[in-house]
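These notes concern the structure reproduced below.
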Protein chains: 2
Amino acid sequence: MKKLFPLVTADIALFTLKEDKLRALIIRRENQPAQGEWALPGGILQPEADTSLDDTARRVLRSKTGVDTLYLEQVMTASSPDRDPRGWSLSVLYYALLPSDLVPAVAGISVEAISWFDPEATDPQLAFDHGMLLQRALTTLRKKVRDGALPLHLLPEQFTLTDVQHAYEAVLGSRIDKGAFRRKIKDEPSLLAIDGELLRGPQRPAQIYRTADDFKF
Amino acid sequence: MKKLFPLVTADIALFTLKEDKLRALIIRRENQPAQGEWALPGGILQPEADTSLDDTARRVLRSKTGVDTLYLEQVMTASSPDRDPRGWSLSVLYYALLPSDLVPAVAGISVEAISWFDPEATDPQLAFDHGMLLQRALTTLRKKVRDGALPLHLLPEQFTLTDVQHAYEAVLGSRIDKGAFRRKIKDEPSLLAIDGELLRGPQRPAQIYRTADDFKF
DNA sequence: TCAATAGTGTCTCTTAGACAATATTGA
DNA sequence: TCAATATTGTCTAAGAGACACTATTGA
């Protein structure tokens, strides 16, 4: 008998920085289908509980990472009778940005096996069409940053301009000249210097910044 | 009783050029809900017939316009319990580009009342959240063109460089200098001059072009 | 000839990239 | 002092906008 309704899910590519490199959260599936394989975190829409698919995505992330109020953005919707063995399915893909100082918290809370995956790597293969989905999420994120947005959601509350540059480079996967980068962000109103706060070390101290309250990625 | 499954639909913002101005197809709804109101063309997913939501969109466009093989791209997915009075609904929004010489064919085939709507206008109000959806589709199209893509899908098979510029300006809603525009497209491999073909009139004749076979919008 | 549009050239200003120079700390 | 990183400055080349100029047709 044919299905009358598709299976509706939200899948999330959760990006963060580990040692200045871009990584995405993957989870080993505990149940069928694709049991034992690695996949993006995701979950099924619950119309009684969710007031939108964004809600579904936030609920899934909260349960898998214990973290709220992440930056979340829709990437695309994948749909076909074949992408999930359970039948006609439709998945709305999101990407989320996790501040790098919360990575240990996420790694700690999960009862499932997790891993931080290099999105440019080819191993391990992800289940379903999640490999393609991750590529699409990365492309969307990169386009946004290349259009001038600063990925401040990947940084902790306080950071230096060098941190911003490293986040920028990690997302784009390419280096940028220091002088050119600082010129670009010189008049950026999203960056607020914290007066008197300096990061000290065995070199010239660096000015510490924070994200402006009205920052919009 | 609560619904267990959402209503899944595909809605389409079909853009074309009418007298060098950008217009979107809207249709007067013949049935409930929102009977008598104007809305974007759309239709319900049929899992037995459609192999993806792109398929749904193509099927809807074919039935409402009689035209195949349009350029079609996904914009976003809207979802909530409130956006459709029938209950929890999810709509995948597409935009499509219709060559301007096919506009009369579309206007002819429809059994419903249709109109070509100025997407910058505020009247008439569209049903459901379709006003917002149309804005999102326009924004996505403009971003693509601003990123350098030429909206050749809006033009007939043969066209002049001035036609290309007018299509470009109609999409962006702003003027561009002729010299700057021609410099930009000077080395564009998607544009092929048709040797010896000239558009004549009471002025200097214009070279006629066509779209390269491997053109990718 | 004139009107009208096609097509090209020139000037300036902004910006990105490459790269160099200076500044300030802890050890 | 030295190593290390922060911060600023300079040179150049490419590109965009403004604007003017030339070219070619029908009437």
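Everything numeric in this text was worked out from a predicted model, so none of it was measured. Naming: A, B, ... by sequence-line order, numbering from 1 per chain. Note: hydrogens, waters and symmetry copies are ignored here, and every other heavy atom, side chains too, is used.
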Can [X] and [Y] be counted as having a side-chain donor-acceptor contact under 3.5 angstrom?
X: A:Tyr94; Y: A:Asp54; answer: yes
X: B:Thr16; Y: B:Arg23; answer: no
X: A:Thr77; Y: B:Thr77; answer: yes

[atom1] of [X] versus [atom2] of [N]: gap in Å, rounded?
X: B:Arg182; N: D:dA16; atom1: CZ; atom2: P; value: 16 Å
X: B:Ile208; N: C:dA6; atom1: CD1; atom2: P; value: 12 Å
X: A:Lys186; N: C:dT14; atom1: NZ; atom2: P; value: 12 Å
X: B:Asp147; N: D:dA16; atom1: CG; atom2: P; value: 13 Å
X: B:Asp187; N: D:dA14; atom1: CG; atom2: P; value: 14 Å
X: A:Lys184; N: C:dT15; atom1: NZ; atom2: C1'; value: 10 Å
X: A:Tyr168; N: C:dA16; atom1: OH; atom2: P; value: 9 Å
X: A:Gln207; N: D:dT7; atom1: CD; atom2: C1'; value: 12 Å

Problem set entry | Sugar-phosphate only, base, or nothing, as touched by A:Thr160 at under 4.0 Å among non-hydrogen atoms |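 Answer is nothing: A:Thr160 stays at 4.0 Å or more from every strand.
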Exercise. Which letters describe nucleotides 18-27 of chain C, given B = protein heavy atom under 4.0 Å from base, S = only from sugar-phosphate, - = neither?
Worked result: BB---BBBS-
For this session: Identify the two heavy atoms, one from A:Ser80 and one from A:Asp82, that lie closest to each other, and give their separation to 0.1 Å.
Result: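 Shortest heavy-atom separation between A:Ser80 and A:Asp82 comes out as OG-N, 3.0 Å.
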Exercise. By salt bridge (Lys or Arg N to Asp or Glu O under 4.0 Å), which residues pair with B:Glu157, not counting sequence neighbours?
Worked result: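 If we apply the salt bridge (Lys or Arg N to Asp or Glu O under 4.0 Å) test to B:Glu157, skipping adjacent residues, there are no hits.
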For this session: Look at the side chain of A:Gln207 and the backbone N and O of A:Ile194, then say whether any donor-acceptor pair between them is shorter than 3.5 Å.
Result: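 Confirmed, A:Gln207 side chain pairs with A:Ile194 backbone.
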